[in-house]
Engineer: 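My questions all concern the structure below.
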Amino acid sequence: MAARGSTPGDITKALTDGLPPAVTNPGGLARRRLEDKMPPKKAKIRQKAAPRRARVDRVIMCCISCDADELTTKIDGGGMCPDCRAEYEADLAAEAAGQLDAEYVPATFLADPDPVYEVVDVARRAAEVRAAGGLRSKAERAL
């Protein structure tokens, strides 16, 4: 039965549909019903082969700072090209000499930014844009 791809429901249906009122040989009845009432063998559906996974043949290293690849420049063991390595070492030397403030935070990231930046009233600005576009204001639409 399993070789034909039958489900448990198929087997139950074949055994129980249209039983006679009295059964004198239960084993023979079951054998006969399984032979006669089972559905034909299911056709094997040929499935497409799974697509082949891409294979990595070669890895190309890139500089961690400027993204220059190893085909155009030499990448050292630390993952940097010579130009970025020189810049990095110069920054380290300047920081060690006290010439570079590594704790610098741009003013726009401070809790209280410079007064140069104006505070924008978004609702007023949206009303101006609606009026310039010939649209009704929010108050007019509510009426």
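Computed from heavy atoms alone, side chains included, the values below leave out hydrogens, waters and symmetry copies.
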Engineer: What I'd like to find out is whether the side chain of Cys63 reaches to under 4.5 Å of the side chain of Ile75, using heavy atoms alone.
Structural biologist: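 They are in side-chain contact.
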Engineer: Distance check, rounded to the nearest 0.5 Å: Leu92 atom CG versus Glu95 atom CD?
Structural biologist: 6.5 Å
Engineer: Mind checking the OG1-CE spacing from Thr73 to Met80? Nearest 0.5 Å is all I need.
Structural biologist: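 Between atom OG1 of Thr73 and atom CE of Met80 there are 12.0 Å.
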Engineer: Is the shortest distance from a Lys or Arg side-chain nitrogen in Lys74 or Glu70 to a carboxylate oxygen in the other one below 4.0 Å?
Structural biologist: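 Salt bridge absent between Lys74 and Glu70.
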Engineer: Does atom CD of Glu87 have more than 12 heavy-atom neighbours from other groups under 6.0 Å away?
Structural biologist: no
Engineer: Does Asp83 come within less than 4.0 Å of Arg85, counting only side-chain N to carboxylate O?
Structural biologist: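 No, no charged N to carboxylate O under 4.0 Å.
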Engineer: Counting N and O atoms only, with roles assigned by atom type, does the side chain of Asp69 sit under 3.5 Å from a partner on the main chain of Thr72, one being a donor and the other an acceptor?
Structural biologist: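 Such a contact is found between Asp69 side chain and Thr72 backbone.
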